[in-house]
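Chain A is the first sequence line, chain B the second, and so forth, proteins listed ahead of strands; every chain is numbered from 1. Quick note: numbers below take in every heavy atom, side chains included, and nothing from hydrogens, waters or symmetry partners.
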Amino acid sequence: MTKKVEYWVKIPFGPIHPGLEEPEKFILTLDGERIVSVDVKLGYNLRGIQWIAMRRNYVQIMYLAERICGICSFSHNHTYVRAVEEMAGIEVPERAEYIRVIIGELERIHSHLLNLGVVGHDIGYDTVLHLTWLAREKVMDVLEAITGNRVNYSMMTIGGVRRDIEEKHKRLLLEMIKYYREVLPQIEDVFLHDSTIEARLRDSAIIPRKLAIEMGAVGPTGRGSGVKDDARWSERLGVYPDLGIKPVMPEDVTGEKARGDIYDRMAVRIGELWQSLELIEHALDQMPEGKIKTFPKDNVLVAKLKILGDGEGIGRYEAPRGELVHYVKGKKGRDGPVRWKMREPTFPNIFAIAKGLEGNQLADVVVGIASIDPCLSCTDRVAVIKDGKKFILTEKDLLRLSIKKTREINPDIKGDPTPAGVGCSRGVLL
Amino acid sequence: MTIKVPADQGNSQERKRLEKRIAQLCRFIGKSPWVFHVNSGSCNGCDIEIIAALTPRYDAERFGVKLVGSPRHADILIVTGPVTNQSLERVKLVYEQTPDPKVVIAVGACPTGGSVFYESPFTNAPLDNVIPVDVFVPGCPPRPEAILYGVVLALEKLAKMVKGEVPPEEGGE
Amino acid sequence: MSKEEEFVEIVKQKFPDVSVVIKENKWGRKRVWINVPRESFRDFMKFLREYDEDAHYSIAIGEDVGEAIDFSIHFLLKYEDAPAISLIVKTSVPKDDPVLPDISDIFPISLQFEREVMEMIGIDFENAPDKRRLFLPDDFPEGIYPLRLDDKGIPEEMVKNAGHPYLLRRGE
Amino acid sequence: MKLIYAILGLVALYIYVSIMSLLFAGIDRKLVARMQRRIGPPILQPFYDFLKLVSKETIIPNTANFMFRAAPLLMLATTIALLAYTPLGFAPIFATKGDIIVFIYLLTLADFFLVVGVMSSGSPYGRIGASREVAMLVSREPAMMLGVFTVMWGISKLGVQKPFSLSSLYEHNIWELGPMAWVAGAILIYVFMAWLASEIEAGFFNIPEAEQEIAEGTLVEYSGRYLAIIKLAESMKEFIAASLVVAVLFPWQLDMPGIQGYIANLLIHTLKVFIVLFVAKTIFRTVTGRLKISQAVNLLWTRVFAASVIGALILAMGVSL
């Protein structure tokens, strides 16, 4: 193999970067514009949630669980509550299950529309951002009407739901569904048939099925690569089976086999938007009357949990970004859990996309990362402590750091760059 | 000609002349505030509300607000998140890079008092002891209208500060 | 014979010294809890890989239980048709020599979970390909493992307080 | 004596074009916002941006050498020099034989100075932006040059005082060269529109300033006064590039004598430039997203250059028969 001299540049990507909404740091080794290898450095978002949880009781942790991530706050709350209910063996009334489904699907709609806009924004297509976010305001209004807050709606409590869905909320929901039945076809048309988006998203940042299974990719990222798994379906969660839930695969939306590129991930998200609308409709008309929580008062709840709380519980739920798992271990006589750990869908997806990005161009990095819809605030749970010894990484200047690094690691090209990425960026133009 | 207003300049007459010079030049900052968003470990509930403020329904662009990509171009620094230990250096760095007449807005409960992460040893929550903050917008997350109101307040404060009424160190009213 | 019982039969033949329990929660979801001694941990993982090629490694939990450290992993097997087998494999490691075999060649994603457990609880996975820190930045003091409950955990004076009124009254 | 008039004319033109281009930038931002169902900033927003930027403190990275400071000024200087050769509804001030070559040379020189300034700033983001800018620059010029030279050659066939000069565009125009030229004209419209879009980096070609990927691309290091100068120079370059397209393809003018003639022609020309820029920039920016640099270069070579070659051939056949 003739010795090819290549000039690599290492570009730190993040942590504060307009393209990425959260601080994460990808160190990209570039050969010209082609990415050779990606190294992920997390930890900018650590707030010590697990450590704080050791000092809180069951009810206080619900407020902590919901502030792990702003966009999927209901999913975290829902999974934590399920884990505690499984550990303590608490029954949930039928009506509360249906309300949980409705709020969960509303949050999925708002999170998917948000991600469609961000992906459109990342390829410079600002009109898509503005129009999808305008459409998203509709679901935010409905959520605010039902739960009182646009983001971080604490609807869940252990053993049921905090607020009920009255008659006027039902009318609002039906009217919203009618509104989305008109708007979604346009958004779907933009994302599936527009030439620019097709040119930018087809065959870029590909995650093959084998890599997706190895890296345990979940949610739209996994399903986009052909892994047929949806936590609500594989867990037979609550009332989802009788609402007719099944994982949305790219074949049902685009008609072709899943290729694992950004295009398929977007197609899965659009398919899920349609599915959420149907789920809400079925839930609305199958919802029985009855009470919405088993323990009316919270202090009664904490007292009961002190007695019942023994053993371990696993909660699994399909957050908008993928399968979310919470593990709670309780001991009798303690009003808080002994151990609480969560694993967010972004954690495996980040390492899957890091592998998937190799061989692509720099321009694909932001879109690739945005396509798995990273929620880094979920991913970092335990933070670091800086004690007396001040060890300041005196980086004089954020960008100057990259200059220093580039000059430091001026490429010693002894190792030959073997790009593991598959598929070259074939520009099919209009 | 970068005008550095020397805080404890000997003859205050020379300083007053400099300040008048700045005030005369800086009156346009109110008309075209360019915003740079700094996420220091936030749960991005506030970040999506900031971007929602730029989208059609709340539309901050009608005041000329524009989200820029580098701190060099920014006038307003919007900081969200409880300043985790790792982003502490980044926040200070970005603050130093922003050109001079600048305003810092802390959006959300986390920079104000560390909301639910108040006792965590890993966050140095009130943004005030990291960088001087001009406006705190409370709320978890604050509504887009509250963020826009915060921007307007910040611009008024900047205009007053530039005219010299509000001494830049203490917080003013 | 549901999928769980069938799986448990196979496990019982291959690994006689493993304790297996099937628990069912209030709404009828069965989970298989398996306790594996440290020695047969690695070949149990190999067996899982053969049993289901697409096994999904979902979460790894490190836990400080007084004198030992528990390490449990949740797997999802046979999720092609509806109710998948939800399996939790538990092993425990004494505190004085917290060493576990590394399984990142069988499940590549487990490397990241191991890196996290290494820096948070202190279990050492020998011959793990990448022992760098995942979440903790480089200037984190060596000996401290944040999630430990004993002396190696976060000392009291590191607890900060961002001006919360009630905290002050409790005299902290 | 004539020189003093020329310089005065140049200064007047400079003031006029800078105001008009900033005005158009405001209208453009307003229209794009309206198309995205937003209210959008006031029309005079670019003026406020410019004045605010002038009053801001300028930060110079200490790794940047003197070229970093000189580049914006040189860029503005080349753009002003460019004004002397641009056809603004009347023959350019220094119209000589073959001044089309000087025009294209100055146009590319302005971009070149920006690239040199960014490279000297030393930031890898800037370097990536600069390399993208050069890739775009190289791949868009040939298509335009081929188109302009063929049109000039066609017109000089009809007997013109100064062949190959931009002033000859106002004596005869492409549409008088017979029916074959009309077909060629249609193709050349596509070529020139694509060239204009890539010159002002709108829509598909908004790659060097791609703020998502590489943090504001080329302009990442500039701030304060230098940024203001670069923004002004860039919007003036937009106006000049559009006026070249208008002069070549839609050159119909009133022939009124004296000063009123100049002013009337100038106003008509400005209106035409606004329409062309509206199509090439506003609509294009709203409807399309950004391509990858490899796709953009691929598009410029395989589609735009090919069309330009075909157009030139048809025009040549039309003229020679």
Side-chain angles (χ1 to χ4, degrees), chain B residues 1-5 18-38 51-76 90 93-103 144 148 155 158-159 162, chain D residues 22 25-26 29-62 64 68-69 118 121 123 125-126 129 206 208-228 230-231:
Chain B
M1 72 327 187
T2 58
I3 298 164
K4 267 267 178 281
V5 177
L18 275 179
E19 264 177 11
K20 198 161 62 51
R21 185 86 178 79
I22 292 182
Q24 184 206 0
L25 273 173
C26 278
R27 60 188 182 289
F28 294 106
I29 204 162
K31 292 260 186 8
S32 101
W34 284 4
V35 166
F36 182 71
H37 167 64
V38 181
I51 297 180
L54 291 167
T55 45
R57 182 164 178 192
Y58 296 100
D59 195 5
E61 201 174 351
R62 53 197 146 99
F63 311 124
V65 173
K66 191 172 110 167
L67 202 62
V68 281
S70 121
R72 284 284 160 65
H73 304 184
D75 307 326
I76 297 183
R90 305 295 186 275
L93 219 54
V94 169
Y95 180 74
E96 278 140 27
Q97 276 187 55
T98 327
D100 221 350
K102 59 188 167 213
V103 172
L148 287 183
L155 290 178
L158 182 75
V162 157
Chain D
L22 283 181
R29 255 174 92 173
K30 185 79 172 177
L31 290 178
V32 168
R34 294 303 292 163
M35 287 189 208
Q36 294 169 348
R37 298 180 67 177
R38 292 185 288 124
I39 298 168
I43 299 289
L44 300 180
Q45 188 57 38
F47 293 96
Y48 300 141
D49 288 353
F50 180 74
L51 289 170
K52 179 212 72 176
L53 278 177
V54 164
S55 65
K56 289 275 288 185
E57 177 212 2
T58 314
I59 297 183
I60 314 285
N62 58 19
F68 179 79
R69 289 186 195 75
V118 164
S121 79
S123 104
Y125 288 131
N206 173 16
E209 263 81 35
E211 70 272 7
Q212 274 75 28
E213 285 128 36
I214 37 173
E216 214 70 32
T218 46
L219 304 178
V220 74
E221 286 297 336
Y222 283 102
S223 69
R225 274 193 331 291
Y226 295 118
L227 188 59
I230 290 181
K231 286 262 192 251

Indicate the atoms forming the closest heavy-atom contact of R37(D) with P56(B), along with that distance. O-CB, 3.4 Å

What part of L227(D) gets closer than 4.5 Å to chain B, counting heavy atoms only: side chain, backbone, both or neither? side chain

Let me confirm one number: the OG-CG distance from S32(B) to L51(D), rounded to the nearest 0.5 Å. 9.0 Å

Compile the donor-acceptor pairs under 3.5 Å between side chains in residues 40-47 of chain D and protein atoms, sequence neighbours left out, one pair per line.
| residue | atom | partner | partner atom | Å |
| --- | --- | --- | --- | --- |
| Q45(D) | NE2 | K31(B) | O | 3.4 |
| Q45(D) | NE2 | D49(D) | OD1 | 2.9 |

Which atoms form the tightest heavy-atom contact between R72(B) and I59(D), and what is the distance? NE-CG2, 3.7 Å

Derivation of the side chain to side chain contact (heavy atoms under 4.5 Å, CB included) call for R29(D) and K66(B): CA-CA 11 Å; R29(D) 255 174 92 173; K66(B) 191 172 110 167; 3.9 Å; yes

Honestly, the part of A60(B) sitting under 4.5 Å from a heavy atom of chain D is neither

What's the spacing between E61(B) CD and K30(D) NZ if we round to 0.5 Å? 10.0 Å

